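Step one of this worksheet: look at the structure below.
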2 protein chains.
Amino acid sequence: MQYLKIMESINEQIEAGLLAPGSKFPAERKLAETFNTSRVTLREALSLLESDGKIFREDRRGWFVSPTALAYDPTNTDNFKTMAIKAKREPRSELLNAELLPCPRDAAKLLGVEAFTQVYKLERLRFLDNRPVAVTINYVIAEYFPELQEKDFIASLTHTYKEDYDILYSQTRYHIRTSSLQGEIAQALRATSGSPAMLVERVNHDQNGRLIDCDLEYWRHDAINIQSVATLIKE
Amino acid sequence: MQYLKIMESINEQIEAGLLAPGSKFPAERKLAETFNTSRVTLREALSLLESDGKIFREDRRGWFVSPTALAYDPTNTDNFKTMAIKAKREPRSELLNAELLPCPRDAAKLLGVEAFTQVYKLERLRFLDNRPVAVTINYVIAEYFPELQEKDFIASLTHTYKEDYDILYSQTRYHIRTSSLQGEIAQALRATSGSPAMLVERVNHDQNGRLIDCDLEYWRHDAINIQSVATLIKE
DNA sequence: AAGTGGTCTAGACCACGAC
DNA sequence: TCGTGGTCTAGACCACTTC
């Protein structure tokens, strides 16, 4: 199995620090020549390193060494910016889309609301050190946040909730699963359609127990490292 | 892009229920003929469905439709068996290996113990409805559990801890990240080397705050759906 | 304009699983 | 034993990125 040896060889170079995080690999044809193999076999090796989170691909741009994954605590209300800064990374966000619309089916299921309930949909692209790492989609129940459309959507939602509506998150229900990037989300992340991804879904309640919004977060799977601490109930 | 159309086509068949969970696909050569494409392109489509968790592969055995993923709460002390039964699935466990040894490097890092600390290493293979879904490796600090080797390792560790040592889990720190299956772990799961996986690492403390053990759980990534509820601290 | 990655073809051989 | 999946080759064309 050539591709396993190629994997190990590349892996060693990374672990030894010979390939800096974020740095670009040589062209596939050159690498294939270096390893004295065909392009297909080389790509097999690269794909496995990708699914292992060691390297990543930008569509039509090539292969890169993955930077350190961001530690992400799903039980933390810290917003993206705060989280990144704590980890000494440089965050940036772009608003992809913001609209008020009747709740689509997938969000209605998460929010448990009836058809035609008005929600705000916010789509944001998250960068870490200038690399696009996640697309986050928020659905916010409009009823609880009058005139939300006039707020600054680039700012943290948590912050707007607290400052302008006196609403805090108090309970969050989250799901985490592997998925794959498709269509516009893949494009925004500069990923090839079908790239492996981590999907974090959250449903949030406020201090009065009301369900106020939900998140769908599509992360490049090598960019995130879910971690948390749980105190267990003693039986 | 043929492979995207093939993906969608297969996906529709699954969603429509025409392909039952667990059922086997026709041979790759036949499928390729059906879709009027080459085997390589067909495998491209299958690989993407695999990384999306819709289908899975057993090494040299073929492709299968993924059963429903098991809901897994990392903050729950329920053992594997209880968890499976709650979800109306049929659990089974096999002991792969049990030994007393000086703590290996990776475990020492998690446990924060010194070199040569004696630990029990337990490797177990978990089945759901007769499908191998996870390899779990436990490292237990031997000092706290004298004569653990005489216990029944197929039984739940949680249960043994409680009944025989009066020790309960009280806090757990967990990490979740994507990984890939290699070597013996891949073999035990009937997976091809390099298959995508979900790695759950846990470090557990007892009711006295002592660090007592850690888990490394390698899951077939389509078999698990991490979910939990967190109550947030009000600022 | 050149080079690159994305996609695809039409084969091939081998070792293993199923029968 | 037969068919299957695992692996590999040596090309090809196109559209996009980069220069």
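In this text, all values refer to a predicted model and were calculated from it rather than measured experimentally. Lettering of chains follows the sequences in order, A, B, ..., and the numbering in each one begins at 1.
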Inset, instruction - Find which nucleotide of DNA chain D each of Arg39(A) and Tyr3(A) is nearest to by heavy atoms, and output the residue with the more 5' nucleotide. - result: Tyr3(A)
Inset, instruction - Determine yes or no for a side-chain-to-main-chain donor-acceptor pair under 3.5 angstrom, with Asn204(A) supplying the side chain and Cys214(A) the backbone. - result: no
Inset, instruction - Say whether Glu50(B) and Trp63(B), considering side chains only, have a donor N or O and an acceptor N or O under 3.5 Å apart. - result: no
Inset, instruction - State which residues pass side chain to side chain contact (heavy atoms under 4.5 Å, CB included) with Asn79(A); sequence neighbours excluded, sorted by chain then number. - result: Lys81(A), Thr82(A), Ser156(A), Thr158(A)
Inset, instruction - Calculate the interatomic distance between Ile55(A) atom CD1 and dG5(C) atom P; express it in whole Å. - result: 12 Å
Legend entry - Ser193(A) and Gln182(A) side chains, donor-acceptor separation under 3.5 Å: yes
Legend entry - Atom-to-atom span, CG of Asp59(B) to P of dC16(C) - whole angstrom: 10 Å
Inset, instruction - Describe the nucleic acid contact of Arg57(B) in one word from base, sugar-phosphate, nothing, applying a heavy-atom distance below 4.0 Å. - result: sugar-phosphate
Legend entry - Contact boundaries on DNA chain D for chain A, cut-off under 4.0 Å to non-hydrogen atoms: dT7(D) to dT18(D)
Inset, instruction - Let me know the distance between CE of Met1(A) and P of dC16(C), rounded to the nearest Å. - result: 10 Å
Inset, instruction - Taking atom CZ of Arg89(A) as the centre, report whether more than 12 heavy atoms of other residues, nucleotides or ligands fall under 6.0 Å from it. - result: yes
Legend entry - 5' precedence on DNA chain D between Pro26(B) and Gln2(A) (nearest-nucleotide basis): Pro26(B)
Inset, instruction - Mind checking Arg61(B) for me? I need base, sugar-phosphate or nothing, with any heavy atom below 4.0 Å counting as a touch. - result: sugar-phosphate
What donor-acceptor contacts under 3.5 angstrom involve side-chain atoms of residues 4-25 of chain A, with partners at least two apart or in another chain?
from     : atom 1 : to       : atom 2 : distance (Å)
Ser23(A) : OG     : Ala20(A) : N      : 3.4
Ser23(A) : OG     : Ala20(A) : O      : 2.6
Lys24(A) : NZ     : Arg61(A) : O      : 3.3

